[in-house]
Engineer: 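Sharing a structure, written as structure tokens. Questions coming.
In what follows, chains carry the letters A, B, and so on, assigned in the order in which the sequence lines appear, proteins first and then strands, with residues in each chain numbered from 1.
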Amino acid sequence: ILGGRVARQGAWPWQCSLQSGQSGHVCGCVLIGTKWALTVAHCFEGREKAHLWKVLLGLHNLDHPGVHSQRRGVRAITVHPRYNRAVVDYDISVVELDSEVEETEWVRPVCLPGTNQIPTPDSYCYITGWGHMGNRMPFKLQEGQVRIISMSQCQSYFDMKTITARMLCAGYEAGTVDSCMGDSGGPLVCEELSGGRWTLFGLTSWGSVCFSKVLGPGVYSNVSHFTPWIHQQIFMRTYLPD
Amino acid sequence: CASTSCDTRHHNCTGCEPISLELCMNLPYNHTRFPNFLGHVSQRESSVSWESSLFPALVQTGCYQYLMFYACTLLVPKCDPLSLSTVPPCRSLCRTAKEKCESVLGIVGLQWPDDSDCAQFPEEGGDSTCLLPEAGVDECSPSHFKCRSGRCVLASKRCDGLADCDDRSDEDHCGCTERSLWECPGSGVCIKTSMICDGIPDCPLLADEVNCSACGDNELACNNHKCVHRTLWCDGKKHCTDASDEWDCVSLTQSSGSILTVQRTADHYHVCADEWNQQLSKLTCDQLGLGVPASVSMVPEQGGPPGRRRWLHVHPEWEERKGSALQARLEKRSHSCHSGKRVALVCVRDKCGLRPAMDARLSRQKR
């Protein structure tokens, strides 16, 4: 996260880290059920085998998993069949953990939005992750507040690439607070107006080269577009496993 | 050689053949003969040759208006239908093309094709016929888009979001057709033709996924448009390859007190409350993704003669059917429900989206 700050320990209990072999942290992910997480499809390019991955939850410092952290293997990865790596469209995948997490204050799923429920443009939401900070990679989870940007306005920042209905833009024209490399798959969450509950509206997907002088908002996978698909994948894996 | 007029070197064996090289499909002649003036022995060899890549790229520089015509007279020379011999380009055409475009190639360190020595071609007006661009010759090949300025750019550059014509005309009027895409009816959204009727909605109002199935009277269409017999619908087993016969088989009516409704054989049923239990309530809320059961009630059926009710009962062996969806744990019965009561269920979202309580010292620090 660029322009963010260190998050309070346990503040974002749905944030998880997707790790692979010797590489350690590769992408962020988001817990949506006791054995289900979401991340973006591009994290699995060239490495779609489930056994290569593990998921760390309840984590704050990447280097020092504390007593509250939990670790799970990955049973299955479902990349969206429409994922297009050239234009980073349909950038979403469902991750099935090899066993249920123990739900605690530190490890808890986020709410999924209703179908096509989108946050209001100009409202403020939060992004989190262990991605690049512009000058270094952090050890501790970072958080940043970003503004939701309308699709038409976002399109004007990225005239070379099309912003589709599967994408959501958030951030600032000046790029002051933005997601960056290593944040991919992590959450963009907004608090309900009545307060209390947080809903997952985006997954960090792409943007301009975040630590260059080419600035602009970040682009997130629009989770509410995929809500029925996510439910179907979970239903099929749970009740129709054969 | 099939032709007796040919020698044994397997050269000049074929007669005139229709032009199939896409680059040169808009020439003022339709037939060619091989070998061509670049030494290629077939249209296939010609199509994968260095020159068939070089000339279309060079055309984009706008170095010579008739460069593509000249290139095609070399790649697929005209075949004279009477003499069955090839007709070369005129020497002046060759010289003009070379004079105007060789230097452009030199800038990027490339050489003019060796086999196109202009001295080999006849002068116009001499004894033998040769080709010159006549009025109406297309300056751009079918693989090119002609800019308003007259320049040719590769057709693949049309409507790609980047201006390739000097006057940006390749980015004008970029509708779906211009981009070789399909326009969703009723909206300006363009999708690939391969996305039509593939089971994944891409157009607003699912317009790309309508009228895609032709199922029989006893069948229903899966989401991917395959047909499955209606008696197999919502039986807890996957019959559609995309499992869509088992989606949305369970619902809670929003309008009339959260009554549990289950589909079997493509019909809606209420669930008889006689054998209902808490585990099934939990399964139902879980399957619907709605959290945990908050309340269960047994609601008397209202209206209509009792004998005509359509009831589903809990299967006697429901416990053995572990891991399967609610619809698999119910069975269809023809007789009525003993209590005459149906299941009503309210689910509440569990603890999703809740963050730990903030430390008061951090959140309300006095100034």
Engineer: Below 4.5 Å from any heavy atom of chain A, which atoms of Asp242(B) appear? Answer side chain, backbone, both or neither.
Structural biologist: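 When you check distances to chain A, only backbone atoms of Asp242(B) fall under 4.5 Å.
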Engineer: Taking every non-hydrogen pair under 4.5 Å, which of His231(A), Glu103(A), Arg82(A) racks up the most with chain B?
Structural biologist: Arg82(A)
Engineer: Could you state the interatomic distance from CZ (Arg108(A)) to CG (Leu354(B)), rounded to the nearest 0.5 Å?
Structural biologist: 5.5 Å
Engineer: Kindly check if Cys190(A) and Cys125(A) bring their SG atoms closer than 2.5 angstrom.
Structural biologist: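 With an SG-SG separation under 2.5 Å, Cys125(A) and Cys190(A) do form a disulfide.
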Engineer: Assess, by modelled atom type and distance only, whether the side chains of His315(B) and Glu275(B) contain a donor and an acceptor separated by less than 3.5 Å.
Structural biologist: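 Distance-only check fails for His315(B) and Glu275(B).
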Engineer: Look at the aromatic rings of Phe226(A) and His80(A) and report parallel, tilted or perpendicular, splitting at 30° and 60°.
Structural biologist: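 Ring orientation, 0 to 90° scale: perpendicular.
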Engineer: Can you tell which part of Pro81(A) gets under 4.5 Å to a heavy atom of chain B, answering side chain, backbone, both or neither?
Structural biologist: side chain
